[in-house]
Amino acid sequence: MLLGPALGLSAILFSLGVAGVLLRRNAIVLFMCVELMLNGVNLSFVAFSQLYGASGYIMVFFVMTVAAAEAAVGLAIILAIFRHKQSVDLQNINLLRG
Amino acid sequence: MTNAVFWFFAVLAVASAALCIVQRNPVSAALWLVSTMFSLAAIYVLLNAQFIAAIQVLVYAGAVMVLFLFVIMLLNLGHASSDIRGPSAIAATLVIVGLLLVELVGLWRYSPGRVAAEVAQAPGLRDPAAAFAAGMIARQDAVTHGVVGGIAAPLFQIYLVPFEITSILLLAAIIGAVVLAKRKV
Amino acid sequence: MTNLVWLTVALPLAGFLVNGTLALRRPQAKSLVSAVGVGVLLAAFAVALGIFVELWRNPPHAPIIVTLWSWLPVERLQVDLAFQVDQLSTVMLLVVTGVGSLIHLFSVGYMGEDPGYARYFAYLNLFIAFMLLLVLGSSFPVMFIGWEGVGLCSYLLIGFWFSEKANADAGLKAFIMNRIGDFGFLMAMFFIWRAFGNLNLVDVTSRAPQVLQPGGAIVTAITLFLFLGCTGKSAQIPLYTWLPDAMAGPTPVSALIHAATMVTAGVYLVARTNVLFAMAPVSSSVVAGIGALTALFAATIGLRQYDIKRVLAYSTVSQLGYMFLGVGTGAYVSGIFHLVTHAFFKALLFLGSGSVIYAMHHAYHATHSHEDAQDMRNMGGLKQYLPATFWLMLIATLAISGIPPFAGFFSKDEILAAAFARGREQPLYYAYYAMGILAALLTAFYMARLIAMTFLGSNRTGEKERAHLHEAPAVMTGPLVVLGVLSLAGGVLNLPAFVGGGAALERWLDPVVSPAERFFKLEMPHGQAELFLVGAAVAIGLLGLLAGFRSTLARPIPPARQAAADTGLARLLYRKYYVDELYDALIVRPIVWLSRIVLWKGVDQGVVDGAAVNGSARLSQGLGWLGSRLQTGQVGVYVVLFLVGALWVLSAVVR
């Protein structure tokens, strides 16, 4: 039973992912930090799955699938923005300014 | 033994993640993330989720991160100047992450024994695993049907509809990505 | 016939509708308008006569209630549209329809050339309908409909020639002052409702001794508020200033509304609720006191007015004061008697002056002169041009001065005797008697002055105009003759005992006033005291007349355009003691200031427009601007906000 330490690790990875999202300006690196957050959550699901059954594994399965789809579409969007602005620095992407 | 392995890979994961988020070079950041994912796959094996570990390596580290690297190289970003935000962002980060950790660490209280005790409402349970019938069943399934079969059975029986919807989602993602990334629509 | 009493209201109302439609569609259909206008009045008079005959044969001991329909059935309050036929309402009915018919007939000639002929008769018929509703109403609300309605018609008719601002203003003044009085009427109704639980006249007057405490605060409050309404409607102090201004309307209107009928509504009200007034001696004293004071006050003002109608207007105010002196003293029958005789001779005086004005108008019109046709200084010596009018107005003057055997003598003498009699128990009434006698002297004086300036002496109208002065047509002089006969012989209605009469009116009205007499029985003087009082009254009247004739004819009077302005006491009287100016400064100006500066600029523009409407718009604008500050377009900011929210949700879950 590694539930406690596993959950702790999951929390640390998630927090590191949040820190990365807040700190980085590069869109792609930001996206990678989001993937880091998702990984942390996956660990947490797997850890609990030992107690609560196969639903945890199924959840991880779906998370991974959706993360893959999301990564594909997100990177495509970043590509499109790069073509338009020649930069992926998020500071410069503020057309929705109200 | 298991504990030592776990701690080793846990430290490795944390270090890789920390290095990932501070690397200046996006390619380095991507590679450190790959390292994190490998560590996590190892931990999954320790947690008796062998199939998930395999998928982690194949899909996450193999497909998603490769896609990331392709895009980075396509954009030719190279050695960008430091793109970490200014002091105000660092301050905000410290505050928010601090709060988050405080809240999450509070979850440490939930040791398996305590969770089992709460679920079974019987004080002083010796083996917490006995309280969770579902977990026992999953373990049995993994023994009888094999590791993959233990996941496949619920996936194609109980969770069939989400499975099909996810496949449609993937289809939409493919089309979307193709359309968005084209030079000329 | 009694159950057809509603016809008396319905007929004039129908006349209003027909004439009103004609006024809008075919104003030139003069003969039809005349036929309808006068016809409905004569029909109403016929119904009134029928009711009178029926009541004479079988005098009822309690009023006969004729209910038309249930008007306000609201839980405890049950008000029906019902008429009350008893001796008092029959008297009023006869006066209103009778004198009204004569005046309608007169109007056919007087207003014959006016472009608003149909409108005039429509309003006049409407007025009669409302007035009859007032005197026939069986409950306070129904009476109030009539009360308000006559005020409305008064406004419409005073401002009949509304293209002149002064006329429209006069109508407005009358209406607004009436409304102040109406407030009193309403307050009294509220008190009555609270004390009695219903608003029927029969119920209130019969149950009053049980429900209210004699001399108590509530009955005094009720009666004082009712009297406030009377001061407004019947032009007593302090709400009398609208009546002289009301002379801006056509002369027959002045005769009907402001002499014979509407202004007497207050006296009728006091007589109708005589029980309440008898139970509140303080209020009765107030009524009598204000009546006496008004009689004297208005008489002094009349001494120095030059417009013939103004003199008669102040005379009306003064005579109304006499009526209130009568009903305040407890002599309710005398008050009503004076109401009836006054209707005769005052209507005659007004219609006669209408004849004079008609002649003067024609004379000035023929020579295209712009002189004032109503200024007595432009008249004089009209006796030879308008002989019939002269003799009839002389009869009316003798009547109003209280010279026997004309009508006014009997009624005025009774009132003064009653005041003197009550003085034995409450010495204050001696003061009222003194005021009344003095007012009688002044009345005779200014009436003699009027006759002298108008008909006697040499003519001041002008050489060219003289040729056009002639008597009015028969349709106008006819009603004058009828009224003259009534002024001469009207005294027979209530001849006192010492001349061998049977006091017919007193016996007729006994069932109506007997409830009051249980609280206070007026001991009229008899024998020597009575003869002394009568002699004093007659002597005063003759003295006033002689003094008036002599002083007016002593010096030649210059025509209006050459007359010098008055000075000193004469000026004070001519300018009516500056009461109008006083009201303007004390009441009108502050209210206008309040409306314009405080309520309009301050509250409406500043608070409602500025703070509420515009302010709330600016608040929304401000909040919107604040909200827009959140939309920076920076992903970093959005991420921070997102995470803060997520933390918040997490904290709620983790607890």
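This one's a predicted model, so the numbers in the text were calculated from it and none came from an experiment. Convention: sequence-line order gives letters A, B, ...; per-chain numbering from 1.
With a 4.5 Å cut-off on non-hydrogen atoms, A/D89 does not touch chain B at all. Both the backbone and the side chain of A/V73 come within contact range of chain B, each with at least one heavy atom under 4.5 Å from a heavy atom of that chain. In this structure, chain A has a heavy atom under 4.5 Å from the side chain of B/F6, while its backbone stays farther away. Contacts between A/E35 and chain B at a heavy-atom distance below 4.5 Å involve backbone atoms as well as side-chain atoms. Residue B/F70 does not touch chain A at all, counting heavy-atom pairs closer than 4.5 Å. Using a 4.5 Å cut-off between heavy atoms, A/L30 does not touch chain B at all. If you measure heavy-atom distances from A/S10 to chain B, you find no contacts under 4.5 Å at all. Looking at B/A63, there are no atoms closer than 4.5 Å to chain A (heavy atoms on both sides), in backbone or side chain. Heavy atoms closer than 4.5 Å to chain A are found in both the backbone and the side chain of B/A30. Only the side chain of B/L40 comes within contact range of chain A, judged by heavy atoms closer than 4.5 Å. With a 4.5 Å cut-off on non-hydrogen atoms, B/V22 touches chain A through its backbone but not through its side chain. With a 4.5 Å cut-off on non-hydrogen atoms, A/R83 touches chain B through its side chain but not through its backbone. With a 4.5 Å cut-off on non-hydrogen atoms, B/Y60 touches chain A through its side chain but not through its backbone. In this structure, chain A has no heavy atom under 4.5 Å from any part of B/I158. Only the side chain of B/L33 comes within contact range of chain A, with at least one heavy atom under 4.5 Å from a heavy atom of that chain.
Residues B/N48 and A/Y57 come closest through the heavy atom pair O-OH, 3.5 Å. Between A/A54 and B/G150, the shortest heavy-atom contact is CB-O, 4.1 Å. Minimum interatomic distance between B/L67 and A/A72 (heavy atoms only, all atoms of both residues): CD2-CA, 3.8 Å. Scanning all heavy atoms of the two residues, the minimum distance from B/A13 to A/L13 falls at O-CD2, 4.1 Å. Taking all atoms of both residues into account, the shortest heavy-atom contact from A/M64 to B/Q56 is CE-OE1, 3.4 Å. Across all their heavy atoms, A/L16 and B/A18 have their closest contact at CD1-N, 4.0 Å.
Taking CD1 of B/I52 as the start and CD1 of A/I58 as the end, the distance is 7.5 Å to the nearest 0.5 Å. A distance of 6.5 Å separates CG in B/L47 from CG in A/L43, rounded to the nearest 0.5 Å. A/F62 CZ to B/L169 CG: the interatomic distance, rounded to the nearest 0.5 Å, is 10.5 Å. Rounded to the nearest 0.5 Å, atoms CD1 (A/I28) and CG (B/L69) are 10.0 Å apart. To the nearest 0.5 Å, the span separating CG on A/L22 from CD1 on B/I90 amounts to 11.0 Å. Atom OG of residue A/S87 and atom CG of residue B/L75 lie 10.0 Å apart, to the nearest 0.5 angstrom.
With respect to chain B, the highest number of heavy-atom pairs below 4.5 Å among A/L38, A/L90, A/N42, A/I77 belongs to A/N42. Interface summary for chain A: among B/G176, B/A49, B/A153, the most heavy-atom pairs under 4.5 angstrom belong to B/A49. Highest contact tally toward chain B, considering only A/G56, A/G17, A/A11, A/G40, is held by A/A11 [criterion: heavy-atom pairs under 4.5 Å]. Note: B/L155 leads B/I43, B/L155, B/V14, B/V64 in heavy-atom pairs under 4.5 Å with chain A. Of all the listed residues (B/A172, B/G98, B/A10), the one sharing the greatest number of non-hydrogen pairs under 4.5 Å with chain A is B/A10.
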Start with the C-alpha gap between B/L74 and A/L79, add the side-chain angles, then the distance that decides, and say whether side-chain contact (heavy atoms from CB on, under 4.5 Å) holds. CA-CA 9 Å; B/L74 183 65; A/L79 261 181; 3.6 Å; yes

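With sequence neighbours left out, B/Y44 forms a side chain to side chain donor-acceptor pair (under 3.5 Å) with no residue at all. For B/T93, there are no side chain to side chain donor-acceptor pair (under 3.5 Å) partners two or more places apart in sequence or in a different chain.
Residue-environment remark: CZ (A/F31) exceeds the threshold of 12 foreign heavy atoms within 6.0 Å.
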